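First up is the structure itself, then whatever we jot down about it.
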Number of protein chains: 2
Amino acid sequence: MTAVPRRRDAAATRRLLLEAARRRFARNGYAATTVRDIADEAGVNVALINRYFASKEGLFEACLRGVGTELGDAVEGVDQVPRIIARQLSGQHTREHPNQLLLLLRSSGDTRAEEIRLGILRTFAERLAAAGGCPDADDACVLRAQVLLSAALGLALLRSTTTMEPLGSADENALLPPLQDLFDALLPGR
Amino acid sequence: MTAVPRRRDAAATRRLLLEAARRRFARNGYAATTVRDIADEAGVNVALINRYFASKEGLFEACLRGVGTELGDAVEGVDQVPRIIARQLSGQHTREHPNQLLLLLRSSGDTRAEEIRLGILRTFAERLAAAGGCPDADDACVLRAQVLLSAALGLALLRSTTTMEPLGSADENALLPPLQDLFDALLPGR
DNA sequence: ACCGCAAGTCAACGATGGTTTACATCACAT
DNA sequence: ATGTGATGTAAACCATCGTTGACTTGCGGT
């Protein structure tokens with residue numbers, strides 16, 4: 001049970017690679033991240049990336065799928081999506097643990113990865129719309145939810161790539177009021 | 001006067017390179033853009049990038065400075081910044097003419113470029129705060145302006161890198177109401 | 001007409017990217 | 001204990017990247 005640490009554990013190193021890749025891709029984007037960076041941060045040989053994920057793009061797709069499932073699992077009730085976003089945004093994201101939502105803004109050229117990314121964004125926006133009391137599939141209302149999602153992601157991105165004060169070091173208490181206003185303004189159903 | 005087209009015109013090719021670079025950098029980001037891509041799109045030899053801009057980073061800095069001056073010139077009265085953002089966002093940005101605001105989200109590793117980018121973002125946020133009726137340098141109020149700026153940039157980014165409907169092909173008429181609500185919610189002074 | 005310099009071309013360089021191949025080593029079943 | 005397949009390592013491959021230097025071509029003044 002206590003998982004005797006093996007010197008060679010495929011699942012473990014696969015996980016190490018995935019975690020390192022998610023950090024790197026989220027912080028620096030796809031193109032600016034090298035497979036050697038990821039391997040070094042994971043403390044693992046470079047060639048294993050191709051063994052376990054077939055390619056750099058394959059690894060990136062795996063990262064996206066990870067964010068998708070985490071986001072899906074995190075939502076039990078459909079109307080707590082705004083809180084999740086607020087948590088995500090105002091959570092303390094150090095340089096070692098960047099906001100994983102950033103992966104949804106990171107674009108590789110790969111078609112399959114783009115499809116995954118778009119899929120996650122769409123379902124997330126749909127849940128937002130539902131949480132906002134949207135009459136089903138009303139275009140104007142879905143649009144508002146997508147605008148809200150864009151705002152949240154832009155906030156995450158700007159907070160991670162710049163040091164603009166007071167935004168850069170604003171904690172949850174400081175961030176919550178404007179976020180609340182933003183939600184209320186774009187999801188009038190709540 | 002009528003600018004007889006010269007076969008060799010340093011200023012003209014410099015401008016061609018700058019325009020091509022701004023399109024490429026805005027659409028694909030810094031790392032994913034190749035100097036040969038830029039040169040080809042400009043119909044110009046690759047080596048001229050280094051001649052006129054010293055390096056790829058130098059070219060990127062020049063692009064940022066261009067956005068800075070354009071943004072500065074566009075603002076005559078200080079309280080029309082929201083309208084400018086709305087125009088920028090809802091303007092038709094084809095694949096050939098992406099939104100130049102995206103450059104403010106594109107990060108190279110270069111220190112000087114990052115300083116320029118941060119400077120533009122800060123002054124832009126300050127103008128937003130002033131337009132929002134901010135008591136000078138009130139942190140909470142400046143923060144709201146920066147949140148608004150983040151939202152606008154995130155919107156521009158998501159609209160350009162994904163095909164999420166109805167956001168992707170929303171025109172000015174569709175985009176204006178949620179944008180207006182966003183402004184009103186974050187800049188209560190207006 | 002011709003000369004000098006600016007403008008543009010061409011080809012290569014060294015570095016680094018993702019990927020692959022051949023090899024070494026460990027874990028586990030028999 | 002031993003052989004076998006899974007796991008990890010080392011090194012190289014090849015394409016492409018940004019950059020540079022030597023060269024050619026055209027423009028403008030004299």
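Throughout, a chain's letter reflects where its sequence line sits, starting with A, and its residues are numbered from 1. Since this is a predicted model, take the numbers as computed values, not measurements.
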Taking [atom1] from [X] and [atom2] from [N], how many angstroms apart are they, rounded to a whole number?
| X | N | atom1 | atom2 | result |
| --- | --- | --- | --- | --- |
| A:Asp37 | C:dT16 | CG | P | 12 Å |
| A:Arg51 | C:dT20 | CZ | C1' | 11 Å |
| A:Phe60 | C:dG17 | CZ | P | 18 Å |
| A:Ile49 | C:dT19 | CD1 | P | 9 Å |
| B:Leu48 | C:dG8 | CG | P | 6 Å |
| A:Arg24 | C:dG18 | CZ | C1' | 16 Å |
| B:Arg15 | C:dA7 | CZ | P | 15 Å |
| A:Asp40 | C:dG18 | CG | C1' | 14 Å |

Side chain of [X], backbone of [Y]: donor and acceptor closer than 3.5 Å?
| X | Y | answer |
| --- | --- | --- |
| B:Asp181 | B:Asp184 | no |
| A:Glu114 | A:Ser107 | no |
| A:Arg24 | A:Ala32 | no |
| A:Arg23 | A:His97 | no |
| B:Thr34 | B:Asp37 | no |
| B:Arg159 | B:Ala170 | yes |

Q) Can you tell me if the side-chain N/O atoms of B:Asn45 get under 4.0 Å from OP1 or OP2 in C:dG8? A)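 No.
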Q | Nucleotides bounding contact with chain B, strand DNA chain D, heavy-atom threshold 4.0 Å | A |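 Terminal contacting nucleotides, 5' to 3': D:dC17 to D:dG28.
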Q) Using 30° and 60° as the class limits, which term best fits the ring planes of A:Phe25 and A:Tyr30: parallel, tilted or perpendicular? A)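 A:Phe25 vs A:Tyr30 ring planes: parallel.
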Q. Nearest nucleotide by nearest heavy atom, which residue falls closer to the 5' end of DNA chain C, B:Ala47 or A:Tyr30?
A.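 The 5'-side residue here is B:Ala47.
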(Q) Measuring from the side chain of B:Arg36 (C-beta onward, heavy atoms only), which nucleotide among C:dA12, C:dG8, C:dT20 has the closest atom? (A)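 Closest nucleotide to the B:Arg36 side chain: C:dA12.
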Q) Which part of the nucleic acid, if any, lies within contact of B:Phe53, taking any heavy atom under 4.0 Å across all strands shown: a base, the sugar-phosphate backbone alone, or nothing? A)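 B:Phe53: no heavy atom of the nucleic acid under 4.0 Å.
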